[in-house]
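First the structure, in the form of structure tokens, and then the observations on it.
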Amino acid sequence: MSYKKLFEPIKIRGLELKNRVIFPAIRTKLAEEEGKINQQLIDYHVTRALGGTGLNIVEGTDISEYSSSKKYLSITKDDYIDDFKRLVDSVHEADGKIGIQLWHGWTGFDEEQNLDRLFPSKYELKNKKVLEELELEHISEIVKLYGQAAKRAYKAGFDVIDLNASLGNTLHAFLSPAFNKRTDEYGGSLEKRAKLLIEVIEEIRENISKDMPIFLTIVSKDDYLVDGLEVEDIIEISKLVEDAGVDVLNIGRGNIQTDAKKYTIPSVEIEKDFNIEETGRIKESTDLIVTAMGKINNPDQAEKILTEEKSDLIAIGRGLLSDPEFCNKAKSGNGDKIITCIGCNQGCYGGLVDNIMPHITCSRNPMVGKEKVYEITDTEKPEKIAVIGGGVGGMSAALILNARGHEVELFEQTDILGGQLRLSGRIPGKEEFENSLKVRIEEIEKSNIKLHMETEFIDKMISDENFDRVIIATGADARGLTIPGNKLKNVHLFTDLLKGKVKPKGKIAIIGGGFAGVGMAELLANQEDTHVTVLEEKKVIGEDLGELRRISVIENLKELGVELKTSVELLEIKKDRVIYKEKSKNKDLEVDHVIMAVGYNANKSNDIKQYCQDREIPFYVIGDALIPRRALDAISEAANISINEID
């Protein structure tokens, strides 16, 4: 496919973009603690500019010191201009264009309790903290702060100002009647609620060149909010902001205050094009250039949106995290070689909200934020290396080592590559997991990696020469619970379902409400004549899914009629029932089948370790073979060992 529309140039005021692909503002936590640019952020953006993007937008950058987070960028001081100029110049040298998103008044992620969160009206957050109504004096100060920030951005050489009025921040809150209950000139009618936004746009326009475009990032509507914004409101707002000096509308969706946050970083459970109908309606009703945003992760999808005139520009965020070469591959006719985002949210959203993770990353691309640290270079000492296990960790290690010039042999004991990710892709709605393996498997098959399928490593080694190093990526096996009745014929491991070994129907109890358990519930509840009950010992169902995925999964389970029981203690399984304790009372549940979905045990591979120790061969254990965790961990460990620990 040629992707003619996707790679068509477009002019916006005095700026010409070489194509329609925008790498949008994505919070990274890559900044220095005081909010300064560092080399990591420069490398991160340069890599995607070299990959062929039309425009990069630097993540939401705080304009006010009293609401700046230590983990995110700030443009609150003139001293920061030179650092931003280094970023701008580096992207320009890479034949890219770059904008900066201006941000104010964060209301989510409450890890920093001392931050000011600024709202139009009194509002109580989920953590019970009450936001007070902004005073008029403070509002005028905010307008000036935007102008000062824009002036700094202009001096730094940015090509675009992107103004964020979404996700529940200050500007979004003023626009939305769900949040704005003011009775002065900044509240009431839509025009009054938009007064602050218009003043900010006009202040920005006065502090930058007339040729410099202003983008406005805004929601298409307020999901899950009583009296929230509707598409019709956004259409009216578009007319007001055009007169004030905006050139482009980026149409996002979601807010942090409600379950609509699931749309802010849409997971695998959210349908593709979930925001395109609304975006198309807005485009039909405005003369502004419009950007489609939200789970656009392949060039065919992007080209279709443009061809159908649903938007003029395409924001590809996580698709460019997972593969910085997205544009180059699509333009050269290799769109089928793109490493697509699978919507797992493990590295992008997980990296944002998990205080243990230093910055965002990607389960498909561990180089995110480490573009130079994890740069793949040719080895000066080629070695013969065995990689044991053909899951995502093993495949990643094999490919990287092969690319560096090592002689690699990959051993897989089954007849198919992909491991647990392939099995996960057999759950309804998670097909992207399994489909994502296709490119990696093709890369292995076309490389000079020697592939041994249906082969046990030890059996092969009896008659083979030694390897210089061994990477053990043998994964993990599903485990059950050691309780009375666990060996009955109607008790199955969840992996038996995914492998097609059993096809239970009727009354089914699923033991375990984590990722595996809720996946089995979705799989089985779609069948006729089947009723599913999930029994979970913790207080929360789907805890290991992450917050955003959990919202969608729980909604789906409830729609399917799945019964969810938490804080239960499993006591015994009998032929026709499960005995459990709930709120200190013993209860029983009639069942035809019981599915164990309580996690994994690592395949310790002691025989392989002993083989290596006997021959003094260095070995490394990665992924689930070390500790059962996520695909993200396996791929990250594979990259670290293959690049940093092996010469």
Side-chain angles (χ1 to χ4, degrees), residues 269 420 423-430 475-527 529-546 549-550 552-603 624 627-630:
E269 287 80 15
Q420 299 297 339
L423 292 180
S424 298
R426 293 171 184 175
I427 299 170
K430 314 298 188 291
D477 285 331
R479 62 182 175 87
L481 289 180
T482 306
I483 60 170
N486 67 333
K487 300 295 185 182
L488 290 171
K489 289 184 178 180
N490 64 335
V491 178
H492 319 285
L493 294 174
F494 76 94
T495 48
D496 291 336
L497 270 72
L498 294 177
K499 294 175 181 177
K501 293 181 178 179
V502 294
K503 298 180 180 179
K505 284 191 175 184
K507 297 175 183 178
I508 300 175
I510 296 176
I511 311 302
F515 168 75
V518 296
M520 295 309 95
E522 290 179 294
L523 177 65
L524 294 168
N526 276 288
Q527 299 178 154
D529 303 320
T530 300
H531 182 267
V532 177
T533 302
V534 176
L535 302 173
E536 168 58 48
E537 66 178 2
K538 296 180 181 179
K539 294 180 180 180
V540 178
I541 296 286
E543 186 177 41
D544 56 349
L545 286 167
R549 291 191 61 196
R550 181 179 177 275
S552 296
V553 168
I554 296 299
E555 286 179 345
N556 187 38
L557 291 176
K558 289 179 178 179
E559 287 180 9
L560 290 169
V562 174
E563 193 173 354
L564 304 173
K565 293 182 179 293
T566 57
S567 301
V568 303
E569 179 185 354
L570 194 65
L571 301 176
E572 183 179 1
I573 302 172
K574 294 191 174 183
K575 184 177 180 181
D576 60 350
R577 64 193 59 244
V578 171
I579 313 300
Y580 63 96
K581 184 180 288 187
E582 184 179 25
K583 295 180 180 178
S584 301
K585 294 182 180 180
N586 284 9
K587 298 184 178 182
D588 62 83
L589 176 71
E590 290 186 14
V591 298
D592 298 303
H593 295 273
V594 175
I595 308 300
M596 290 285 189
V598 294
Y600 296 89
N601 286 324
N603 290 321
D624 287 351
I627 304 172
R629 289 156 296 154
R630 305 167 297 176

**With His531 via ring-ring contact (aromatic ring centres under 6.0 Å, His included) - residues at least two apart** = none
**Item:** Pairs touching residues 510-522 that satisfy salt bridge (charged side-chain N to carboxylate O under 4.0 Å, His left out), sequence neighbours left out
**Value:** Lys430-Glu522
**Residue pairs fulfilling salt bridge (charged side-chain N to carboxylate O under 4.0 Å, His left out) with at least one residue in residues 499-508, sequence neighbours excluded** = Lys507-Glu590
Check residues 475-489 and write down every donor-acceptor pair under 3.5 Å in which the side-chain atom is one partner and the other belongs to a residue at least two apart or another chain.
| unit_1 | atom_1 | unit_2 | atom_2 | d |
| --- | --- | --- | --- | --- |
| Arg479 | NH2 | Val598 | O | 3.0 |
| Asn486 | ND2 | Leu481 | O | 2.9 |

**Request:** Take Val591 and Ile508, measure what side chain to side chain contact (heavy atoms under 4.5 Å, CB included) needs, and give me the verdict at the end.
**Result:** CA-CA 5 Å; Val591 298; Ile508 300 175; over 6 Å; no
Evaluate the side-chain proximity of [Y] to [X]: yes if any heavy-atom separation is below 4.5 Å, no if none is.
X	Y	answer
Leu524	Leu497	yes
Ile595	Ile511	no
Met596	Val491	yes
Lys581	Lys587	no

**Item:** Phe515 ring center within less than 6.0 Å of Phe494 ring center
**Value:** no
State the [atom1]-[atom2] distance between [X] and [Y], to the nearest 0.5 angstrom.
X	Y	atom1	atom2	value
Leu523	Leu498	CG	CG	6.5 Å
Asn601	Ile627	CG	CD1	12.5 Å
His593	Thr530	NE2	OG1	9.0 Å

**Asked** Which heavy-atom pair separates His492 from Val502 by the least distance, and what is that distance?
**Response** ND1-CG1, 3.6 Å
Throw together a table of side-chain donor-acceptor distances under 3.5 angstrom for residues 534-541, partners on residues two or more places apart or in other chains.
| unit_1 | atom_1 | unit_2 | atom_2 | d |
| --- | --- | --- | --- | --- |
| Glu536 | OE1 | Gly513 | N | 2.5 |
| Glu536 | OE2 | Lys538 | N | 2.8 |
| Lys538 | NZ | Glu543 | OE1 | 3.3 |

**Message:** Under the criterion side chain to side chain contact (heavy atoms under 4.5 Å, CB included), I'd like the reasoning laid out for Val594 against Ile510: C-alpha separation, chi angles, the key distance, then a yes or no.
**Reply:** CA-CA 6 Å; Val594 175; Ile510 296 176; over 6 Å; no
**Under 3.5 Å donor-acceptor, Asp624 side chain and Arg629 backbone** = yes
**Item:** Test item: Asp592 side-chain N/O and Gly506 main-chain N/O as donor-acceptor pair under 3.5 Å
**Value:** no
Could you go through residues 562-575 and list every donor-acceptor pair under 3.5 Å that involves a side-chain atom there, pairing it with any protein atom two or more places apart or in another chain?
| unit_1 | atom_1 | unit_2 | atom_2 | d |
| --- | --- | --- | --- | --- |
| Glu563 | OE2 | Lys565 | NZ | 3.3 |

